[in-house]
Protein chains: 2
Amino acid sequence: MSLTLADVRAAAERLRGQVLRTPVLVSEPLDEVTGCRVRLKCENLQRAGAFKLRGALNKLLTLDAGERERGVVAFSSGNHAQGVALAARLVGTTAVICMPTDAPRLKLEATRGYGAEVVFYDRQKDDREQVARAIVERTGRVLVPPYDDLAIMAGQGTAALELLEEVPELDALVVPVGGGGLIAGCATAARALRPAIRVFGVEADTANDTALSLQRGERVGIPPPTTIADGIRITIPGALTFPVVQRHVEGVLLVTDDEIRAAVRFLALRVHVVTEPTGAVAAAAVLAGRLPVPRGATVGVVLSGGNVDPDALIEILRGA
Amino acid sequence: MSLTLADVRAAAERLRGQVLRTPVLVSEPLDEVTGCRVRLKCENLQRAGAFKLRGALNKLLTLDAGERERGVVAFSSGNHAQGVALAARLVGTTAVICMPTDAPRLKLEATRGYGAEVVFYDRQKDDREQVARAIVERTGRVLVPPYDDLAIMAGQGTAALELLEEVPELDALVVPVGGGGLIAGCATAARALRPAIRVFGVEADTANDTALSLQRGERVGIPPPTTIADGIRITIPGALTFPVVQRHVEGVLLVTDDEIRAAVRFLALRVHVVTEPTGAVAAAAVLAGRLPVPRGATVGVVLSGGNVDPDALIEILRGA
């Protein structure tokens, strides 16, 4: 049982009218610097600020009446939290989100703003997955995993489906890799629609669990990474996502934190869109000249999110 | 002889495939704060970073062969410079841009980057219009005025044409006002397509020449304004633009520099787009609750440009 284009198409059908069809931007400065025809799929402009709504809402739209009645639960201090919270509101169910006690205030407020109940855990003492599972057992709520779930993966893939519909001639597609939900869905859709397309993942060089795992041919764990790209601080690829990545992804490119910062700055000052560090890693790889494609190639780049902490954004902009 | 929808449509036909059809964004945080259904027409994502390419390119595409041979000249330290420079490159002619000796380095570089020749003038000693006219007389180049020209106005109006095609149910349209080229074109298109639409201009409160002129029923000059919105530091409405504004614009709303800063910040951190201060004045008016429309109204807001100085952006983001 694996992910197919049909799953992604079914997700797109479910999501229609509820997720934004995000714009695909072109930028002359970006093309000049990279030597490619870059097409930016702007999930930083998605509802709730990141692609996460796609997967979460697709998942919630497949719940049965009893499950909707009981609601959902998720653990995340980042974009998945907001995606699940908004998805729950959209389908008319309730969400409990487990967040660390030291979660950024803005993300906490945004999650509550979408109507979710937030339950805190201590990052030092508690295992967030256990906290969430305890809630599942006590309340019968459905756990919405951040990536390792076919409905989640299919939902995330709708971003690539839209991009390929708009730019069918893509030579390559470049996607951030955390747990692998986004790239698994996107690669599945892209390679089915255009078998010759080359799909590349991008990780921070200190969060290279998927790059290592591809090299070794099996899932490899790493110590908790410290990259500025907080959305992809993952220690091991997903059990369901990794086989999809193995099949469809040509390679994972690595970028440094400084390259990520430079990309956030470039995107803000030259393209005029705000990304969070994680949201800019794919652009960072292309800007750093790491993409092994010929000059003039048409390259789709997913900007995965824009929920950046104001102080972090200021610091990045100052860093020139 | 006045501006008509047919002029704007003809401009759109000429510009097709050369200017971006910029995205129209929706933002839940913005709708929540304003109580309106806001539709952002993102000219900050336009080629060369502002709506200015539309008018400049429309003008240049109407030049005859001899004029194209001789080239064009313009005076501007801002977005008009870049718009004319890129337009000249696109039509295969040459541009001379008169800029002050103290023009921001980034804008100077961008203008040169598009292939224009830059001629400097001393802001204290020289009259930039005279500098440009001397070049016209010496070289036979065609002067491309920043706003007071029917071809320029028609080109700028294509932004509203696109917006109304995408969101035909707009109740109101809110547009920054400098010399009046953008609002004259946009109001002409919008009111022809949807006679019931209410069109509002927005000026910085210290750059209120059009607001004053509308009150007095004639063009009124003011001393050089000092607003942070450097693109609309205009001292008197255009002779051609003002009658169009009088006919089609219900009123001009005024915003303070602090309200403009707050709008730039909101757009960056909550909507994830970068605007320059001038580019955010229409959003500032809506965010400040200055728009006299009922709750739930569908409101088009033009974000006119994104070419903000990095230090200025940092300072604005820090100002929270």
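First the proteins, then the strands, lettered A, B, ... as listed; each starts at 1.
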A.B. asks: Measuring heavy-atom distances to chain B, does A/Leu106 have an atom under 4.5 Å in its side chain, in its backbone, in both, or in neither?
C.D. replies: neither
A.B. asks: Is the backbone N or O of A/Asn44 less than 3.5 Å from a side-chain atom of B/His272, with the two atoms forming a donor-acceptor pair by type?
C.D. replies: yes
A.B. asks: So what's closer than 4.5 Å to chain A heavy atoms on B/Val26: side chain, backbone, both or neither?
C.D. replies: both
A.B. asks: Nearest 0.5 Å please: distance from the OG atom of B/Ser27 over to the CZ atom of A/Arg47.
C.D. replies: 10.5 Å
A.B. asks: Atom CZ of residue position B/Arg270 - does it have more than 12 heavy atoms of other residues, nucleotides or ligands inside 6.0 Å?
C.D. replies: no
A.B. asks: Under a 4.5 Å heavy-atom cut-off, does chain B meet the side chain of A/Glu276, its backbone, both or neither?
C.D. replies: neither
A.B. asks: To the nearest 0.5 Å, what is the distance between CD1 (B/Ile314) and CZ (A/Arg318)?
C.D. replies: 6.5 Å
A.B. asks: Heavy-atom distance under 4.5 Å to chain A: side chain of B/Leu267, backbone, both or neither?
C.D. replies: neither
A.B. asks: Taking every non-hydrogen pair under 4.5 Å, which of A/Asn307, A/Asp311, A/Thr275 racks up the most with chain B?
C.D. replies: A/Asn307
A.B. asks: Find out whether B/Val274 and A/Leu269 are in side-chain contact, i.e. whether some heavy atom of one side chain is under 4.5 Å from a heavy atom of the other.
C.D. replies: no
A.B. asks: Between CZ of B/Arg89 and CD of A/Glu28, what distance do you get to the nearest 0.5 Å?
C.D. replies: 7.5 Å
A.B. asks: Would you mind reporting whether B/Leu25 and A/Pro23 have side-chain heavy atoms less than 4.5 Å apart?
C.D. replies: yes
A.B. asks: Check whether A/Asp309 gets within reach of chain B through its side chain, its backbone, both or neither, counting any heavy atom under 4.5 Å.
C.D. replies: neither
A.B. asks: Roughly how far apart are A/Leu313 CG and B/Leu313 CG, rounded to 0.5 Å?
C.D. replies: 7.0 Å
